[in-house]
A.B. asks: 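Quick one: structure below, then a few questions.
Every chain is numbered from 1, with letters handed out A, B, ... down the list of sequences. Heavy-atom basis, side chains included; hydrogens, waters and symmetry copies ignored.
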Amino acid sequence: MDNDDRRVRVTRRTVLESGTATAALMLTGFPEVALSAEPLSDKAVAPVAVDLQINGQSHTLHLDPRTTLLDALREHLALTGSKKGCDHGQCGACTVLLDGRRINSCLTLAVMHDGQSITTIEGLADGATLHPLQAAFIAHDGCQCGYCTSGQICSAAGMLGESRAGMPSYVTADLAEARPELTDAEIRERMSGNICRCAAYPNIVAAIREAAGTPT
Amino acid sequence: MDMNAPIGQNALDDPKSIVGKPLDRIDGRLKVTGAARYAYEFAQETTTTYGYVVEAAIGKGRIRSIDTRAAERSPGVVLILTHRNTPGQGTGSHHEAHPVLTDANVNYYGQPAAFVVAETFEQARAAAYLVRVDYERVAGKYALESNLKYAGSPPAQEGQPHPDSAVGDFTGAFASAPVQLDVTYTTPLQSHAMMEPHASMAVWEGDKLTLHTANQMLSQGQEAVARTLKMPVENVRLISPFIGGGFGGKLWVNADAILAAIAARQLNRPVKTALTRQQIFHVTTHRSDTVQRIRLGTDRDGRIVAIGHDVFSGNLPSEQSFETAAMQTRTLYVGANRLTRHRLVPLDIPIASSMRAPGEAVGMLALECAMDELAAKLNLDPIDLRIRNEPTEDPEKHIPYSSRHLIACLQEGAKRFGWDKRNPKPGQVADGRWLVGMGVAAASRGNPLRTSKANVRLDPDGILTAKMAMTDIGTGTYTIMTQIAAEMLGLPPDRIRMELGDTRFPEAAGSGGSFGAASAGSALFDACETLRAKLAGAAGMDPKAARFADGNIEAGGRSKRLTDLVGNAGMEADGEIGPGTTLKDFSQQSYGAHFAEVAVDMDTGEIRLRRMLGVFTAGRILNEKTARSQAIGGMVFGIGAALEEGLNLDPRFGHFVNHDLAEYHVPVHADVPVIDAVFLPELDTKSNPLKSKGIGELGISGAGAALANAIYNACGARVRDYPITLDKVLTVLPVQA
């Protein structure tokens, strides 16, 4: 691998490394808090202005820089559809779409997304008409307690985009295949970042399969 | 009404009844659009403050000093509660009260040591890390297995199963049995790991407290909050319309609720708090680990003559509840000589309590594997062994079963699953590098009924409003209750307004122990029966002859609109159910059979579940769709118990090392292949007016054992220490060339 190649390639390793760094930050608020016995100064946590495009609407917020994107949505915009299940990127309940890609909104700070476009569960339906995934989740009973559901649906929406773009997964047999078929095994693998403790998994897979338009 | 006699023909028996139909979850739309609101998400005032728990960082000892000065200077902090400034509270078992910050003693790792309240979550969290606690550690007893010598008999408690049971002469009969099996199984500490963290928001108006709180049993919770805070129960209101899963972890009032309430009162401002995922594992309850010795003695034909089950579990010295793992052993199979004993080991680790199917979930991991071992020893098919040991009456209580179709479930499952293709000899079926095997296990779960009340009102606009302090933790309560009310009054489901999750409504059983649907549903049924009688009276019709359909009441060729009968104020009725003599006169369980096919990698020991089937009978099924979802959910809990789940205790410090969702492994999508659940038709006239039985925990009972037995059939490894992970299998796999 030459240097140029290394710069542009997003590898699993770089994703993991950046994820770990973010997770460490979340754990402690700010690193100095963990190291110091003294409080941060007011200045250190002075509000920062951030513009977020959320579900097509522009919002200017003044946020404590420690505010995660998830808490900005839930606590500052009353968009409580995105759920906090673990706050550490381990459960997927907070999944939202950032410029169309699925991310764990608990693992990123709101101020890092100035000017970016975010779609939450509240923005998926077209007025009173549910998104096909939402309708399929109801028909197939893809939710029980409902707490992971927003994340499952947003994650599925992002995952279907990845699949259409030809991205392979761990279970894809032929990585060179232009567009791997989205089998149930592919759906399960690609959705494994979203935990459902009620275990609606078979119903969720059925709902995604239907919404994806893949034959059963 | 109390359940004192079998139920005759009733309105739900109509073959066209909407009860049982696969109605879509009526709260489905709220859930898929993110509009369903959970405890932490209620209307936030600008005055709302945020609380963050500081946990004790030792297993046992006391707080020598606690320095909150830096935390108090931290921006935004408005209050720090410690044992020094927290008022005295009422006490009791964890079922009755949950006092917090009572004194300097630390009884278990993670016990709240302080509660930091600030204007924002970020401020509270940052300040919490500035609280400095100095401890004086003392030696504690943490691990179950190394402290078995301290085991004692838990006291028998009214309304609870007795820890011991004995019939005949077990010791003598076992010693003289021609075929004997004596095996010990261990199951690990487990965590509910529901998706919604425990969360509460407390708001005071004068001396009245409103708690938005994630709690499965609101009426009991209201009592516990009142007792803890030493206030009249009528001044406490719990609200919980949606709960992000519980599985027993939210049965009782937890620290989040009491801390928020105390802080909100001191501040005279709303306080909300959610435990972090990491905190949940220690601050709230878990399922105890168990050591279980099973002894089965049979004649040469495999008929059980002696059956024994000894269970050890642990709990805090102040708690008396134990893991009731031998309950099904008392009733599932024949045997004239029987012995079950539960022993409790006092341990200095967090509170052990109910987790989905307390007792059965881990008890049947042992019993149903032992049955498989016995079948292998006798060279019998495991289904045949169970048929040979099918009782005609409850073998301990000598009373009839209310209904029991275990054999039908086993046989139907065998047919659907292709059990006849199983090679009884382990390690014979290979698929590439995978060794493939099948396993079976029985499912059995007690069928309780609890007191529950309901109120219904039909308004002139044709809307029937039903109110109960009942909860829907994902079980489908809103939906099945809507179906019951719709059927009883002959109204379409969209005319039913189901109001749950508020202690202002009539006291209800809550969600737990598989009693929720039966208890609350029967109370609602009773209220609807009364309303039907009132409506018939108003119409001048004989209530027994009246039929309710399409918004009308009909009898004797006459028909009237219900809306014309209720007057301007509407018409109300109350209903109530209570357990009665049918629980004593009949042995009540729901039953089923689990089938699993697994593949074990012959080189690495990696285990993959390939497919799974559960066939169940649980009385009347109230909603085919949500019932199937519940059963599958239970079965997947069984997958977790068999293959993945276990809290790793640090025996030096008494803390759970893997206390988050990255390290405490629960099944994810990739772990759950083709899996189905089927209910065979059954009505149980002895259980309750709905003729239903509990299903929420049936699916887990025995499920993991089917996987364990399949692993044995696949590769010959009999692992008696759950979860069955590849390292344990690897040691007994044959070495590959």
A.B. asks: Using distance alone, with no hydrogens and no angle criterion, decide if B/Q123 and A/D64 have a side-chain donor and acceptor under 3.5 Å apart.
C.D. replies: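 No, no side-chain donor-acceptor pair sits under 3.5 Å.
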A.B. asks: Could you tell me whether the side chain of A/Q144 and the main chain of B/S629 form a donor-acceptor pair under 3.5 Å?
C.D. replies: yes
A.B. asks: Any idea which heavy atoms bring A/C91 and B/M195 closest together, and the distance?
C.D. replies: CB-CE, 3.6 Å
A.B. asks: Looking at A/G146, A/S192, A/G81, which one has more heavy-atom pairs under 4.5 Å with chain B than the rest?
C.D. replies: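 Highest number of pairs under 4.5 Å: A/S192.
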A.B. asks: Taking A/K83, A/E189, A/R190, A/E122 one by one, which has the highest count of heavy-atom pairs under 4.5 Å against chain B?
C.D. replies: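 Going by pairs under 4.5 Å, I would pick A/K83.
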A.B. asks: Quick check on B/A36 against chain A: is it the side chain, the backbone, both or neither that has a heavy atom closer than 4.5 Å?
C.D. replies: backbone
A.B. asks: Counting only heavy atoms closer than 4.5 Å, note whether B/V674 contacts chain A via side chain, backbone, both or neither.
C.D. replies: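 Its backbone and side chain both get close to chain A.
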A.B. asks: Please classify the contact of B/R29 with chain A as side chain, backbone, both or neither, using a heavy-atom distance under 4.5 Å.
C.D. replies: both
A.B. asks: Is A/Y201 reaching over with its side chain to a backbone N or O of B/P667, donor-acceptor style, under 3.5 angstrom?
C.D. replies: yes
A.B. asks: Check each atom of B/T626 against the heavy atoms of chain A and say whether the ones under 4.5 Å are side chain, backbone, both or neither.
C.D. replies: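 For B/T626, the contact with chain A is made by backbone and side chain together.
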A.B. asks: Is A/K84 close enough and on-axis enough to B/F121, meaning under 6.0 Å and within 45°, for cation-pi?
C.D. replies: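 Yes - A/K84 lies over the ring of B/F121, closer than 6.0 Å to its centre and within 45° of its axis.
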A.B. asks: For B/Y664, which residues count as a ring pair (Phe, Tyr, Trp, His ring centres under 6.0 Å) partner, sequence neighbours excluded?
C.D. replies: B/F281
A.B. asks: Do the side chain of B/R25 and the main chain of A/D141 share a donor and acceptor less than 3.5 angstrom apart?
C.D. replies: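 It does not hold such a pair.
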